[in-house]
Amino acid sequence: MRWFWIDRFTEFVAGQHATAVKGVSLSEEVVDEYAPGATYLPASVIVEGMAQTGGLLVSQISDFKARVVLAKIGSAKFHCVARPGSLLEFRCQLTGSPPSGAFVSGTVTSDGQPLADLELMFAMLEDARFDKVVLFEPAGFCRMLRLLRLFEVGVYPDGRPVLVPQHMQDAERAELMVF
């Protein structure tokens, strides 16, 4: 993820649902420059925020080992626009997880008011053509998940905490050894 379109997770129940928030700021170029004179967060960025929220929910199922990508926007209905100063809340629920992908449905609110309803489909890049494709370096990806507070709020349905996967801990240690 090169750009964060969510600021942090406020709820994360592994394999079930997640909630993330984002503060819309005038200092973000995409808000200020997308439509000069009419400042708002573009719908495509809102879809990406939901894709990041849902994609991390899906990816956690494999301890963040699967290469999860947004494959299809099943539906996207927008009710209003998000303006600078708004607090967006992305709520998504895992609605299906066949072996080759997953489905999430979600709602986005802006300061508590309905902003968007979305249905997204994710694919797992398991084909041999993608064997050497690394979407994220594990230590950097782990840092991102820590910044998003996923491990602070993440739990399994039985209440156990979602812990940093061992392969990510190993990658962090290896990265420290280089310095």
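FYI, the numbering just counts along the sequence from 1.
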K.L.:
Can you tell me how far CD of E89 sits from CG of D111, rounded to the nearest 0.5 angstrom?
P.N.:
10.5 Å

K.L.:
List the atom of L41, the atom of V24, and the distance in Å for their closest heavy-atom pair.
P.N.:
CD2-CG2, 4.0 Å

K.L.:
Within the 4.5 Å heavy-atom criterion, are P157 and V13 side-chain neighbours or not?
P.N.:
yes

K.L.:
Rounded to the nearest 0.5 Å, what's the gap from OG on S105 to CG on L118? Could you check?
P.N.:
9.5 Å

K.L.:
Answer yes when K65 and D63 have at least one side-chain N-carboxylate O distance shorter than 4.0 Å, and no when they do not.
P.N.:
no

K.L.:
Taking atom OG1 of T10 and atom CG of L148, what is their separation to the nearest 0.5 Å?
P.N.:
11.5 Å

K.L.:
May I ask you to test the Q169-L163 pair for a side-chain heavy-atom distance under 4.5 Å?
P.N.:
no

K.L.:
Which heavy atom of R67 sits nearest to which heavy atom of L125, and what is that distance?
P.N.:
NH2-O, 2.6 Å

K.L.:
How long is the straight-line distance from CD of Q113 back to NE2 of H79, given to the nearest 0.5 Å?
P.N.:
11.0 Å

K.L.:
If every non-hydrogen atom of P165 is compared with every non-hydrogen atom of F64, which pair is closest and at what distance?
P.N.:
CG-CD1, 3.9 Å

K.L.:
Would you please name every residue forming a side-chain hydrogen bond (donor to acceptor under 3.5 Å, both in side chains) with Q166, sequence neighbours left out?
P.N.:
D170

K.L.:
Tell me whether V108 shares a hydrophobic cluster with V30, the cluster being built from Ile, Leu, Val, Met, Phe, Trp, Tyr side chains joined at under 4.5 Å.
P.N.:
yes

K.L.:
Got L120 and M50 here, is their nearest side-chain heavy-atom distance under 4.5 Å?
P.N.:
yes

K.L.:
Which atom pair, heavy atoms only, marks the closest approach of G23 to D7?
P.N.:
N-OD2, 2.7 Å

K.L.:
Step by step, would you call T109 with L115 a side chain to side chain contact (heavy atoms under 4.5 Å, CB included)?
P.N.:
CA-CA 5 Å; T109 59; L115 174 65; 5.6 Å; no

K.L.:
Is the shortest side-chain heavy-atom distance between K22 and E28 below 4.5 Å?
P.N.:
yes

K.L.:
If you measure only the distance, is there a donor-acceptor pair under 3.5 Å linking the side chains of R91 and T19?
P.N.:
yes

K.L.:
Check for a donor-acceptor pair, side chain of S97 on one end and backbone N or O of A102 on the other, with a separation under 3.5 Å.
P.N.:
no

K.L.:
Between I6 and G49, which heavy-atom pair has the shortest distance, and what is it?
P.N.:
CG2-O, 3.5 Å

K.L.:
Do I73 and F90 land in one hydrophobic cluster if side-chain heavy atoms of ILVMFWY residues count as linked below 4.5 Å?
P.N.:
yes

K.L.:
For residues T53 and W5, determine if any side-chain heavy atom of one lies less than 4.5 Å from a side-chain heavy atom of the other.
P.N.:
no

K.L.:
Quick check: closest heavy atoms across Y40 and R83, and the distance to 0.1 Å?
P.N.:
CB-NH1, 3.8 Å

K.L.:
Would you confirm whether S86, through its side chain, and L88, through its main-chain N or O, come within 3.5 Å as a donor-acceptor pair?
P.N.:
no

K.L.:
If you define the side chain from C-beta out and look only at heavy atoms, does anything of I61 sit under 4.5 Å from L94?
P.N.:
yes

K.L.:
Less than 4.5 Å apart, side chain to side chain, heavy atoms only: is that true for T95 and V104?
P.N.:
no

K.L.:
Applying salt bridge (charged side-chain N to carboxylate O under 4.0 Å, His left out), run through K77 and E119 and close with a yes or a no.
P.N.:
CA-CA 9 Å; K77 182 177 180 181; E119 292 182 2; over 6 Å; no

K.L.:
Working to the nearest 0.5 Å, report the span between CE of M144 and CD of E137.
P.N.:
11.5 Å

K.L.:
Between R146 and E172, does at least one N-O distance fall below 4.0 Å, as a salt bridge requires?
P.N.:
yes

K.L.:
Under a 4.0 Å N-O cut-off, is there an ion pair linking R149 with E11?
P.N.:
no

K.L.:
Count I, L, V, M, F, W, Y as connected when their side-chain heavy atoms are under 4.5 Å apart, and connections chain through other members. Are V21 and F4 then in the same cluster?
P.N.:
no

K.L.:
Start with the C-alpha gap between V58 and M124, add the side-chain angles, then the distance that decides, and say whether side chain to side chain contact (heavy atoms under 4.5 Å, CB included) holds.
P.N.:
CA-CA 10 Å; V58 171; M124 312 293 190; 3.6 Å; yes

K.L.:
Would D117 and F78 count as a side chain to side chain contact (heavy atoms under 4.5 Å, CB included) if you check the C-alpha gap in whole Å, the side-chain angles of each, and the deciding distance to 0.1 Å?
P.N.:
CA-CA 7 Å; D117 299 305; F78 290 85; over 6 Å; no

K.L.:
Using ring pair (Phe, Tyr, Trp, His ring centres under 6.0 Å) as the criterion, list what pairs up with F9, not counting sequence neighbours.
P.N.:
F12

K.L.:
Apply side chain to side chain contact (heavy atoms under 4.5 Å, CB included) to R160 and V155, showing your working.
P.N.:
CA-CA 5 Å; R160 290 177 297 123; V155 295; over 6 Å; no

K.L.:
Hydrogens and angles aside, do Y156 and Q60 bring a side-chain donor and acceptor to less than 3.5 Å of each other?
P.N.:
yes

K.L.:
Can you measure from CZ (F103) to SG (C92) and round to the nearest 0.5 angstrom?
P.N.:
14.5 Å

K.L.:
Using the rule that Ile, Leu, Val, Met, Phe, Trp and Tyr join whenever any side-chain heavy atoms are under 4.5 Å apart, tell me whether M121 and V47 fall into a single cluster.
P.N.:
no

